[in-house]
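All values below come from the heavy atoms of this structure, side chains included, with hydrogens, waters and symmetry mates left out. Chain letters run A, B, ... following the sequence lines, proteins first and then strands; every chain starts at 1.
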Amino acid sequence: MPELPEVETVRIGLARLLPGRQIAGVDFDWPKSFPNAAADVQKFLSGAEITGVERRAKVLIIGLSTDYSLVIHLKMTGQLVFRGADEQFGAGHPNQSLVGSLPDKSTRVTLIFIDGSRLFFNDQRKFGWMRLIPTPEVMNLDFFKKVGPEPLSADFTRQVLRERLLRRKNSNIKAALLDQTVLAGVGNIYADESLWGAKIHPATLVKGLAVRQFYNLYDELIFVLKLAIEKGGSTDKNYVNAEGKRGSYLSFARVFRREGQACPRCGTIILKTRVAGRGTHFCPNCQKLKPVS
DNA sequence: CACTTGACCTGTCCGC
DNA sequence: TGCGGACAGGTCAAGT
């Protein structure tokens with residue numbers, strides 16, 4: 001669920017809310033959510049000031065004045081929700097909020113700032129994690145060494161997308177788009193949405209795609225990612241931004257979670273199948289599976 | 001080596 | 001109503 005647009009939306013919110021705040025303490029219980037030893041957490045977090053919030057792929061990097069960074073992956077159900085000291089932790093937000101009283105039973109880590117405000121790391125399914133890493137070593141993490149280019153960076157061109165996808169020429173296009181070593185940040189929602197835009201069947205083999213199709217896919221991918229950031233991401237069940245509010249992209253979605261509805265382009269009923277091990281939505285008329293010639 | 005599948009988890013929904 | 005099982009889908013390890 002949190003894909004590039006959702007993580008970027010959280011980053012924008014945290015970058016506005018956190019820098020300059022000083023950490024007083026941290027509470028955490030589930031060790032896998034924060035694997036650093038408890039002593040290290042207290043030692044390198046307490047007294048640290050937050051210097052900035054960055055994103056690479058679907059990972060958030062919160063910089064600290066101690067030359068350590070908090071590296072966070074939300075995986076499927078992670079949330080990072082900030083509450084100011086003057087906000088009742090138990091009251092929730094009136095406007096489109098999905099989270100109420102905090103901490104709740106999905107809260108894995110709580111950062112407490114000296115001004116009384118708090119940052120809650122909630123994660124229902126416990127797949128996500130937060131790690132304290134010396135800042136110069138962050139990019140040495142295996143994930144960062146392998147991850148592909150940022151699709152919204154200036155040097156990510158149509159040609160680059162085609163070259164990267166062709167690294168998996170024998171895969172279907174959906175599996176290749178989801179492969180984080182091919183390019184960073186695309187997950188199930190935006191893979192389906194961009195393939196619909198480019199009129200490509202998700203099971204099409206990469207080697208069977210024409211150059212023009214790669215370029216169409218590039219245009220649709222960039223369009224969908226930018227629109228999703230504009231809409232604050234997609235909220236299905238869990239995802240919320242740094243203020244606990246929903247994203248609205250799904251009301252603009254063309255195929256994702258719209259099985260049984262009419263394709264907005266041709267009116268054919270949208271199907272849901274399984275491709276690359278994931279639930280996959282597509283229009284059987286606009287996105288035909290052609291044999292490799 | 002290229003590629004696919006299963007494990008990690010919990011909550012929800014569906015059929016009986 | 002209760003209960004088992006399928007499903008949700010990001011990433012890594014294990015399997016083919």
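At the phosphate of dT4(B), OP1 or OP2 sits under 4.0 Å from a side-chain N or O atom of Arg168(A). Residue His73(A) places no side-chain N or O under 4.0 Å from the OP1 or OP2 atom of dG10(C). The phosphate of dG11(B) (OP1 or OP2) has no side-chain N or O of Gln124(A) nearer than 4.0 angstrom. Close to dA8(C), at under 4.0 Å from its OP1 or OP2, lies a side-chain N or O of Lys272(A). The side chain of Asn170(A) contributes no N or O atom lying less than 4.0 Å from OP1 or OP2 of dA2(B).
Remark: the separation of the P atoms in dC9(B) and dC3(C) is 24 Å, to the nearest Å. For the C1' atoms, the distance linking dC13(B) with dG10(C) amounts to 22 Å, nearest Å. Annotation: dG6(B) and dA6(C) have their C1' atoms spaced 15 Å apart (nearest Å).
Cation-pi geometry between Lys32(A) and Trp129(A) is not met at under 6.0 angstrom from the ring centre and within 45 degrees of the axis.
In the set dC12(C), dC9(B), dA8(C), the nucleotide with an atom closest to the side chain of Arg274(A) is dA8(C). Candidate nucleotides dG11(B), dG10(C), dC3(B) were compared by shortest atom distance to the side chain of Leu178(A), and dG10(C) ranks first. Between dT11(C), dA8(C), dT4(B), one nucleotide has an atom nearer to the side chain of Arg125(A) than all others, and that is dA8(C).
Taking the nucleotide of DNA chain B with the nearest heavy atom to each of Lys169(A) and Arg278(A), the more 5' of the two is matched to Lys169(A). Mapping Ala276(A) and Lys32(A) onto DNA chain B via the closest heavy atom, the residue that lands nearer the 5' end is Ala276(A).
dA13(C) atom C1' lies 15 Å from atom CG of Asp179(A), rounded to whole Å.
Distance check: Arg254(A) CZ to Asp192(A) CG gives 11.0 Å after rounding to the nearest 0.5 Å.
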